[in-house]
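Accompanying notes for the structure given below.
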Amino acid sequence: MKKVTSLLIVLLIAQLPLVLLAHADSQFSTYLITIDRGNFDPKSLQLVWGEVVYIADSFPVAVVRVPVGAAGHIAHLKGVKHVSQDGVMSLMGKPSSQPPQSIPWGVQRIGAPNVWGTTSGWVDVNGDGNSEIEVAIFDTGIDTDHPDLVGNIKWGVSVLNGRISTKYNDLNGHGTHVSGTIAALNNNIGVVGVAPKVEIYMLRVLGASGSGSWSDLVIAIDLAIKGPDGVIDKDGDGKIVGDPDDDAPEVFSMSLGGSSAPEELHTAIQTAYNWGITIVAAAGNDGASSPSYPAAYPEVIAVGAIDSSNNVPSWSNRKPEVAAPGVDILSTYPDNTYATLSGTSMATPHVSATVALIQAARLAKGLPPLPPGTFNDSSTSTIRGLLHVTAEDLGSAGYDDLYGYGVVRVDKALEKV
């Protein structure tokens with residue numbers, strides 16, 4: 001009798017996930033967990049009627065969904081080291097208006113046209129016809145048919161609500177705008193980007209409303225590190241940045257953020273940084289005394305905004321690492337159009353593209369790519385050090401809370417490459 005009873009209980013428990021999954025998504029919560037790969041069993045989530053959404057290959061983090069009432073039990077599962085509840089991030093752009101122009105003032109301001117005779121962001125080290133420089137943009141997607149962008153879109157993926165797909169077309173406009181500042185083609189129409197020949201990877205992590213979840217960003221970072229072929233360090237030489245045998249991006253551009261973030265996001269950021277990827281993010285538009293996340297992480301270059309008169313707008317968060325044009329920025333927009341936006345979102349791609357041009361120029365000279373470096377670097381042996389010493393110093397001499405180390409100047413940086 002006891003055996004029969006036990007069997008019935010087991011069968012009943014086995015059916016519970018099916019019953020719960022039939023309920024609305026609102027009865028489930030998403031969590032990011034740090035795992036011990038050797039001890040974590042994905043099937044253990046069934047004990048709390050949950051499911052594994054994604055397990056990262058690049059770092060020991062998983063995204064899981066469990067019923068609201070079972071959330072407290074996740075930490076007690078074998079192999080779970082830390083649990084963070086998922087949260088919301090959003091884009092860092094602000095609408096505004098300005099008459100169109102062929103080369104946006106921000107692209108001119110950082111000296112980009114002065115370097116296009118040296119590099120436009122495309123370099124083929126091994127002669128296979130493929131460039132070794134890519135910028136991974138984490139945003140709302142991209143207008144895949146825009147005539148000013150289509151030639152530079154190399155790969156894209158969408159991660160929304162834990163679902164991975166190739167539907168990364170932009171239904172908001174923000175991602176298309178950011179992409180244009182980085183890589184709008186020099187094709188005699190519309191606008192020109194800072195690096196008009198650099199290849200774009202688009203990681204769609206924000207929906208049509210401009211918001212998304214930290215868990216989707218974590219998944220997208222793992223996918224970006226692996227690149228289109230889904231393999232980390234294909235040739236096993238310990239290098240993926242600037243390596244013709246790998247297709248990982250050289251730069252992460254993140255015009256998004258939030259006031260707080262889970263520990264697992266930092267793990268993902270640290271992993272990308274340790275692989276040599278330079279990470280650039282918007283400082284934020286809250287007028288806060290310090291940058292938002294992920295810009296607040298020490299591995300990330302936080303970018304503040306300036307206007308065409310070199311003023312820092314009141315909404316640009318303080319204590320950035322560097323500043324760049326971010327007010328009334330004209331760029332590409334969905335449906336083959338152009339629009340003007342403002343925000344640290346618009347400042348960030350100026351810096352991301354600058355980093356891409358630096359790495360492209362080095363590879364073209366037969367030099368290895370520069371490592372990202374740290375916030376305090378003051379030599380030209382790292383990306384951040386090079387940006388610091390060549391930035392146009394505004395405000396108080398040296399670093400200050402308004403401009404950081406100053407306004408990025410790609411022309412001055414390439415003089416020292």
Can you tell me how far the CG atom of Asp148 sits from the OG atom of Ser331, to the nearest 0.5 Å?
8.5 Å
For Thr348 and Ser255, indicate whether the former's side chain and the latter's backbone hold a donor-acceptor pair under 3.5 Å.
no
Apply the test side chain to side chain donor-acceptor pair (under 3.5 Å) to residues Tyr201 and Asp247: give CA-CA distance (whole Å), side-chain angles for both, the deciding distance (0.1 Å), then the verdict.
CA-CA 10 Å; Tyr201 288 172; Asp247 55 10; 4.8 Å; no
4.5 Å side-chain heavy-atom contact, Asn336 and Pro147
yes
Just to verify, what does Pro298 make a side chain to side chain contact (heavy atoms under 4.5 Å, CB included) with, not counting sequence neighbours?
His266
With heavy-atom distances below 4.5 Å as the criterion, would you say the side chains of Val63 and Tyr31 are in contact?
no
Under the rule for side chain to side chain contact (heavy atoms under 4.5 Å, CB included), what residues qualify as partners of Asn126, not counting sequence neighbours?
Asp124, Asp128, Glu132, Pro244
Show which side-chain atoms of residues 268-279 pair as donor or acceptor with protein atoms under 3.5 Å away, not counting sequence neighbours.
from	atom 1	to	atom 2	distance (Å)
Thr271	OG1	Thr267	O	2.9
Tyr273	OH	Gly373	O	2.8
Asn274	ND2	Gln270	O	3.1

Examine Tyr333 together with His174 and report whether their ring centres are nearer than 6.0 Å.
no
Cationic N near anionic O, under 4.0 Å, Lys81 to Glu263:
no
By ring-ring contact (aromatic ring centres under 6.0 Å, His included), Tyr168 pairs with (sequence neighbours left out) none
State whether the side chain of Ser316 and the backbone N or O of Ala305 hold a donor-acceptor pair below 3.5 Å, judged by distance alone.
yes
Side chains of Val135 and Pro249: closer than 4.5 Å at any heavy-atom pair?
no
Asp233 and Asp246, any side-chain heavy atoms less than 4.5 Å apart
yes
Any idea which heavy atoms bring Leu341 and Met346 closest together, and the distance?
O-CG, 3.5 Å
Show your working on salt bridge (Lys or Arg N to Asp or Glu O under 4.0 Å) between Asp411 and Arg409 and close with a plain yes or no.
CA-CA 5 Å; Asp411 53 348; Arg409 287 291 299 266; 2.8 Å; yes
Going by the rule side-chain hydrogen bond (donor to acceptor under 3.5 Å, both in side chains), which residues pair with His76 if we only count those two or more places apart in sequence or in a different chain?
none
Yes or no on side chain to side chain donor-acceptor pair (under 3.5 Å) for Arg204 and Asn169, after CA distance, side-chain angles and deciding distance?
CA-CA 8 Å; Arg204 185 187 181 210; Asn169 201 48; over 6 Å; no
Say whether, by atom type as modelled, one donor and one acceptor occur between the side chain of Thr354 and the main chain of Val410 under 3.5 angstrom.
no
Nearest heavy-atom approach of Ser179 to Ile137 is OG-CD1, 3.4 Å
Does any N or O in the side chain of Arg65 come within less than 3.5 Å of the main-chain N or O of Glu51, such that one atom is a donor and the other an acceptor?
no
Mind checking what makes side-chain hydrogen bond (donor to acceptor under 3.5 Å, both in side chains) contact with Ser213, not counting sequence neighbours?
Asp86, Ser215, Asp216
Indicate yes or no: at least one non-hydrogen side-chain atom of Lys416 is less than 4.5 angstrom from one of Thr390.
yes
Considering only heavy atoms from C-beta outward, does the side chain of Val322 approach that of Val407 to under 4.5 Å?
no
Within the 4.5 Å heavy-atom criterion, are Asp245 and Lys239 side-chain neighbours or not?
no
Between Arg384 and Glu321, does any NZ, NE, NH1 or NH2 come within less than 4.0 Å of an OD or OE carboxylate oxygen?
yes
Residue pair Glu264, Ser84: steps toward the side chain to side chain donor-acceptor pair (under 3.5 Å) verdict
CA-CA 7 Å; Glu264 286 75 13; Ser84 297; 2.6 Å; yes
So, for Phe40 and Leu45, which heavy atoms are closest and what is the spacing to 0.1 Å?
CZ-CD2, 3.8 Å
Any sub-3.5 Å donor-acceptor pair from Asn285's side-chain atoms to Gly343's backbone N or O?
no
So, are Lys226 and Asp57 salt-bridged, with charged N and O less than 4.0 Å apart?
yes
Tell me whether His177 contacts the main-chain N or O of Ile329 through its side chain, where contact means a donor paired with an acceptor under 3.5 Å.
yes
Short side-chain to backbone donor-acceptor contact, Tyr399 and Gly406, under 3.5 Å
no
Donor-acceptor under 3.5 Å (Asp307 side chain, Val327 main chain):
no
pair Asn186-Ser120: side-chain heavy atoms closer than 4.5 Å:
no
Tyr293 atom OH, over 12 foreign heavy atoms within 6.0 Å
no
Taking atom CZ of Phe375 and atom NZ of Lys319, what is their separation to the nearest 0.5 Å?
9.5 Å
Determine yes or no for a side-chain-to-main-chain donor-acceptor pair under 3.5 angstrom, with Thr382 supplying the side chain and Gly385 the backbone.
yes
Intermediate values then yes/no, side chain to side chain donor-acceptor pair (under 3.5 Å), Thr340 and Asp328:
CA-CA 5 Å; Thr340 303; Asp328 292 338; over 6 Å; no
Asp377 side chain to Ser379 backbone, donor-acceptor under 3.5 Å
no
